[in-house]
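Here is the structure we will look at, set down as structure tokens.
Start at 1 and go down the list; that is how both ligands and their atoms are numbered.
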Amino acid sequence: MTTEQQQRHRQRQQRLKQKVDQAVQAATEEKGLLLVITGNGKGKSTSGFGTVARAVGHGLTAAVVQFIKGSWECGERNLLQQHGVEFAVMATGFTWDTQDKAADIAAAEQVWQQAEAYLADPTIDLVLLDELTYMLSYHYLELARIEQALATRPKHQHVIITGRACHRRLIDIADTVSEVQNIKHAFDNGIKAQQGIDW
Ligand code: ATP
Ligand code: MG
């Protein structure tokens with residue numbers, strides 16, 4: 001690099017730094033955030049659980065609601081429960097290969113009541129609603145009830161919703177929305193789900 005190029009680079013970096021500093025200064029509001037992680041790529045639940053770990057690492061309290069009954073255990077649950085994170089898991093009913101709609105709706109209702117309790121509890125700083133989006137796409141839960149619980153939650157409480165095809169309304173009311181795009185997935189090449197990576 002010539003001296004002139006170096007100088008130009010320094011000036012560019014300085015302008016960038018000024019812009020970032022200004023934006024950081026302008027962002028002064030503090031409030032509980034609603035985050036949505038949606039899309040068809042892998043990484044939605046991982047991101048939600050990663051944020052729970054981040055929060056707990058800072059001394060925040062967290063609760064997790066799992067809206068899909070897994071056919072296997074969950075590494076994050078094993079770890080985070082040891083660190084005081086409460087879990088509510090849909091014990092029976094809904095899985096990907098659901099057969100019994102009435103049982104699924106009852107299971108959704110039961111686990112949602114636990115979610116409502118977390119969303120009304122000011123001692124919980126962060127609530128992860130993992131795979132909630134499917135409860136709406138399958139019409140197992142009413143949108144109005146979910147909106148109501150989110151709107152009336154403690155002001156400082158953060159909420160993360162994960163799952164594919166998130167309802168438009170939840171995207172509208174969220175503060176931060178990320179869509180994980182699928183570029184490729186090992187499963188498409190016949191590789192089975194790997195413990196510690198996929199669950
Ligand atoms: P993860 O829990 O790994 O972050 P996710 O929450 O983004 O995944 P889900 O739709 O909840 O994705 O799927 C859960 C399981 O399906 C995981 O084991 C994950 O590896 C797998 N999976 C996720 N995306 C894909 C995909 N595009 N193709 C195949 N399998 C996938
Ligand atoms: Mg998931």
Side-chain angles (χ1 to χ4, degrees), residues 33-57 60 62-83 85-99 101 103-105 107-112 114-116 118-119 124 126-141 143 146 149-150 158-171 173-199:
L33 298 174
L34 175 60
L35 298 93
V36 169
I37 322 275
T38 190
N40 293 331
K42 169 177 163 54
K44 299 174 291 295
S45 296
T46 325
S47 169
F49 281 115
T51 310
V52 171
R54 176 178 284 181
V56 170
L60 272 65
V64 176
V65 186
Q66 294 181 292
F67 285 91
I68 300 290
K69 177 201 170 200
S71 54
W72 42 46
E73 48 170 342
C74 166
E76 293 95 332
R77 196 167 65 229
N78 294 346
L79 179 77
L80 291 167
Q81 274 181 333
Q82 294 172 26
H83 292 270
V85 177
E86 266 193 60
F87 274 71
V89 184
M90 199 181 257
T92 54
F94 191 78
T95 60
W96 303 112
D97 48 5
T98 181
Q99 304 289 331
K101 196 165 176 190
D104 289 352
I105 291 173
E109 174 62 35
Q110 204 177 18
V111 81
W112 175 251
Q114 186 58 59
E116 276 179 332
Y118 291 149
L119 292 168
I124 300 177
L126 170 62
V127 181
L128 169 59
L129 303 173
D130 192 36
E131 321 294 354
L132 174 69
T133 60
Y134 305 102
M135 299 302 105
L136 284 172
S137 25
Y138 280 73
H139 304 286
Y140 286 177
L141 291 175
L143 176 64
I146 294 173
L150 290 172
H158 304 295
V159 177
I160 306 174
I161 293 172
T162 78
R164 295 180 189 206
C166 186
H167 194 287
R168 184 80 242 165
R169 178 68 193 144
L170 294 182
I171 288 177
I173 62 172
D175 300 286
T176 298
V177 180
S178 295
E179 182 168 32
V180 184
Q181 193 195 339
N182 180 44
I183 294 185
K184 59 164 122 167
H185 194 288
F187 185 72
D188 303 332
N189 280 324
I191 300 163
K192 70 180 203 179
Q194 302 288 307
Q195 185 175 31
I197 299 293
D198 290 300
W199 80 92

[X] side chain vs [Y] backbone, donor-acceptor pair below 3.5 Å:
X	Y	result
Y134	R164	yes
Q81	L79	no
Q82	N78	yes

Looking only at heavy atoms of [X], does any of them come nearer than 4.0 Å to an atom of ligand 1?
X	answer
V180	no
N40	yes
G41	yes

Atoms in ligand 1 flagged as close to N182, the criterion being non-hydrogen separation under 4.0 Å: 27 (N)
Plane angle bin for H185 and F187 - parallel if under 30°, tilted between 30 and 60°, otherwise perpendicular: perpendicular
Do [X] and [Y] have side-chain heavy atoms sitting under 4.5 Å apart?
X	Y	value
V177	L170	no
L129	I146	no
V64	Y118	no
I105	Y138	no

Spatial distance of atom CG (L143) from atom CZ (R169) [nearest 0.5 Å]: 7.5 Å
Gap separating the CH2 atom of W199 from the CD atom of E76, nearest 0.5 angstrom: 12.0 Å
Residues 38-55 side chain polar contacts: donor-acceptor under 3.5 Å, at least two apart:
{"residue": "T38", "atom": "OG1", "partner": "G163", "partner atom": "O", "Å": "2.8"}
{"residue": "T38", "atom": "OG1", "partner": "A165", "partner atom": "N", "Å": "3.4"}
{"residue": "T38", "atom": "OG1", "partner": "C166", "partner atom": "N", "Å": "3.3"}
{"residue": "K42", "atom": "NZ", "partner": "I197", "partner atom": "O", "Å": "2.9"}
{"residue": "K44", "atom": "NZ", "partner": "G39", "partner atom": "O", "Å": "3.1"}
{"residue": "K44", "atom": "NZ", "partner": "G41", "partner atom": "O", "Å": "2.7"}
{"residue": "S45", "atom": "OG", "partner": "D130", "partner atom": "OD1", "Å": "2.7"}
{"residue": "S45", "atom": "OG", "partner": "D130", "partner atom": "OD2", "Å": "3.3"}
{"residue": "S45", "atom": "OG", "partner": "E131", "partner atom": "OE2", "Å": "2.9"}
{"residue": "T51", "atom": "OG1", "partner": "S47", "partner atom": "O", "Å": "2.9"}

Proximity to ligand 1 by part of [X], non-hydrogen separation under 4.0 Å:
X	value
S45	both
D198	both
H185	side chain

Close N or O approach (G43, ligand 1; < 3.5 Å): yes
Polar contact flag for E131 and ligand 1 (N/O pairs, less than 3.5 Å): yes
Every N, O or S from the protein that is nearer than 2.8 Å to the Mg ion (ligand 2): S45 OG, E131 OE2
Selection from I68, T38, T46 by shortest heavy-atom distance to atom 4 (O) of ligand 1: T46
